[in-house]
Amino acid sequence: MTLPQPLNFIEELKWRGMLQDIMPGTEEMLSKGPVKGYIGFDPTADSLGVGNLVQVMTLLHFQRCGHQPVALVGGATGMVGDPSGKSAERNLLNEEQLQINLNAQRKQLEKFLDFSAGPSQAMIVNNYDWFKNFSFLDFIRDVGKHITINYMMAKDSVQRRMETGISFTEFSYQLVQGYDFYYLWKHLDMKLQMGGSDQWGNITTGTELIRRMEGGEAFALTTPLIKKADGTKFGKTEGGNIWLDPVRTSPYKFFQFWMNSSDDDSKNYIRIFTTMTKADVETLVAAHDQSPHLRLLQKAIAKEVTIRVHSEEDYNAAMEASEILFGNAPTEALSKLDEDTLLSVFEGVPQVNISKSELEAGIPLLDLLADKSGIFPSRGEARKLVQSGGVSINKQKVSDPNAQQTATDLLQNKYLLIQKGKKNYYLLIAN
RNA sequence: GGGGAGAUAGCCAAGUGGCCAACGGCAACAGACUGUAAAUCUGUCCUCUUCGGAGUUCGAAGGUUCGAAUCCUUCUCUCCCCA
């Protein structure tokens, strides 16, 4: 991946709103030619979530600007536990789980960066590799000696835990992460560490260590914590976290997550999560403001991100499903679908099997919604939502909680599309 | 060790013998309006319900009473002040 004119990475981050803190001299260092920079990923789950996507994009932009991005998976740091942003001591992961998480994350990271040979070839490293044979005594002699407790205690992540308590393990985390930077600097000529703003403290311990151990110079920058316009956390919905793993979050849901972002948020997201140029973004934002109901921004983000994280096919399927579900004449569109299309459209929608013969005999609506399908935990809840107009079958509102559901409405003589609220769909399959 | 304050639904927070399934706010969910947006308005928000009700709650366990979140006893935990 060679670009005709390498972009200025810092400028790029600035207009995208992705620059929080930067160490003096960083921009100058970057301007001298391609350098290596890395970001660490904490293996707390077996999949990255959209929150991690910010850091992935930082690496991607870094690479687009002609530099060499390195993703570090925390096989060692994951065993310790980062106290940053945590109000209480964490539970340690067992090694088996850690290994699973590590491999899963590594695989995901490989999708985003360009690993083909060249001056900006991406790399993935695992800090377990240089920690596994580093004994405790050697570590406290060779590394710990260079950093004072006073320095470590001054960090925000530690300060905030002074009242409630912090274990020695978590306290030493910054030193472990700091040594990563030193090691990479020493052996891979790593010049820059990046990360979320909560990592600033850990990162600077690294640059400090490099200076004290060898008088070397290393640089750092962080990205701001992304928040939604209403101040709530980014990347979570009613259903929980939005994951990159299609098993955890279906491509349809993933696509919908971006489609649902508010206007204000999407103006930020388009900058962070797409590689569109500044001019294109500005044009699109202007077009969006002209006719916001077209949701141009949401569509553009959802498209690019879904394709990057999943695939073009997944995007097309999600898009098609969304058009049918949210389009102008959804009921008609539904009944026109042939079975294959219908199934592929609703691939990401929970499916429930029910008995066709019972349905032919007629099932009381509430039985169907609660006992038979488990869509509602109780009949009372089903009744309440039906009464308040929150339930649709095949995109047609049902209003009578005492109604019977028969087989006459079956799509393709086999399926019923149940809708709970506006955005939760279930496909009932009559066998 | 001494003294004081407190523990109420996801969170904050009223309530000190019956009118309490418990004011109010936030969060959440649904509806209306829209554009699958925001804001606003409305409804739901312990569990179950044949929507008439039924059952289980107010740190825990006992007790007083016709009746307790409210009074008494013991226990557990949290916070503050003094040593």
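Residue numbers begin at 1 in each chain, while the letters A, B, ... track the order of the sequences. All values reported here derive from a predicted model rather than from experimental measurement.
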Of the candidates B:U36, B:A32, B:C48, the side chain of A:Ser378 sits closest to B:C48

Could you tell me which nucleotide pairs with B:A9 by Watson-Crick or G-U wobble geometry, both distances under 3.5 Å, or answer none if nothing does? none

Could you check whether A:Tyr173 and A:Lys155, counting side-chain N and O atoms only, form a donor-acceptor pair closer than 3.5 Å? no

Here the distance between atom C1' of B:C51 and atom CG of A:Asp400, to the nearest Å, is 13 Å

Which listed nucleotide (B:A38, B:U44, B:G35) is nearest to the side chain of A:His293? B:G35

Regarding B:G18, purine or pyrimidine glycosidic angle vs 90° from 0 gives anti

Find which nucleotide of RNA chain B each of A:Gly389 and A:Lys423 is nearest to by heavy atoms, and output the residue with the more 5' nucleotide. A:Gly389

B:C51 phosphate, OP1 or OP2, under 4.0 Å from A:Arg383 side-chain N/O: yes

Any donor-acceptor pair under 3.5 Å linking the side-chain atoms of A:Asp280 with those of A:Thr283? no

When the C1' atoms of B:G15 and B:G4 are compared, how many Å lie between them, rounded to an integer? 23 Å

Please report, rounded to the nearest Å, how far the P atom of B:A38 is from the CZ atom of A:Arg295. 9 Å

Complementary nucleotide of B:G35, counting Watson-Crick and G-U pairs under 3.5 Å: none

Does A:Asn424 put a side-chain nitrogen or oxygen below 4.0 Å from OP1 or OP2 of B:A30? yes

As its Watson-Crick or G-U partner within any shown strand, both distances under 3.5 Å, B:C23 has none

Can a donor-acceptor pair be found between the side chains of A:Thr222 and A:Gln199 at a distance below 3.5 Å? no

For B:U70 versus B:A60, give the span between their P atoms, rounded off to a whole number of Å. 10 Å

Would you kindly say whether A:Thr205 and A:Gln174 are connected by a side-chain donor-acceptor distance under 3.5 Å? yes

What integer distance in Å separates A:Lys228:NZ from B:A39:P? 11 Å

Indicate whether any N or O donor in one side chain lies under 3.5 Å from an N or O acceptor in the other, for A:Lys423 and A:Asn260. yes

Classify A:Gln298 by what it touches in the nucleic acid, base, sugar-phosphate, or nothing, heavy-atom distance under 4.0 Å. base

Does any donor atom in the side chain of A:Ser47 or A:Gln105 lie under 3.5 Å from an acceptor atom in the other side chain? no

Scan every strand shown for a Watson-Crick or G-U wobble partner of B:A30, both distances under 3.5 Å, and answer none if you come up empty. B:U42

What interatomic distance, in whole Å, is found between C1' of B:C41 and the corresponding atom of B:C33? 9 Å

Quick one: label A:Ser322 by what it contacts on the DNA or RNA (base, sugar-phosphate, nothing), any heavy atom closer than 4.0 Å. base

Roughly how far apart, to the nearest Å, are B:A39 and B:A13 at atom C1'? 27 Å

With nearest nucleotides of RNA chain B determined for A:Met259 and A:Asp371 from heavy-atom distances, which residue corresponds to the more 5′ nucleotide? A:Met259

A:Lys384 has an atom NZ; how far is it from atom P of B:C29, in whole Å? 17 Å

Give a yes or no on whether the backbone of A:Glu381 and the side-chain of A:Ser378 come within a donor-acceptor separation of less than 3.5 Å. yes

Can you check the distance between B:A27 and B:G10, where both ends of the measurement are the C1' atom (answer in whole Å)? 8 Å

Complement of B:G1, any strand, by Watson-Crick or G-U distances under 3.5 angstrom: B:C82

Think A:Arg379 has a side-chain N or O under 4.0 angstrom from the OP1 or OP2 of B:C48? no

Quote, to the nearest angstrom, the C1' distance that separates B:A28 from B:C72. 40 Å

Using the C1' atoms only, state how far B:A61 lies from B:C66, rounded to an integer number of Å. 24 Å

Select base, sugar-phosphate, or nothing to describe what A:Gly380 touches, counting heavy atoms under 4.0 Å on all strands. base

Would you mind classifying the nucleic acid contact of A:Lys397 as base, sugar-phosphate or nothing, using non-hydrogen atoms under 4.0 angstrom? sugar-phosphate

Using the P atom as the reference point in each nucleotide, state the distance between B:U8 and B:A14 in Å, no decimals. 11 Å

Base of B:U34 paired with side chain of A:Lys422 (donor-acceptor, under 3.5 Å): yes

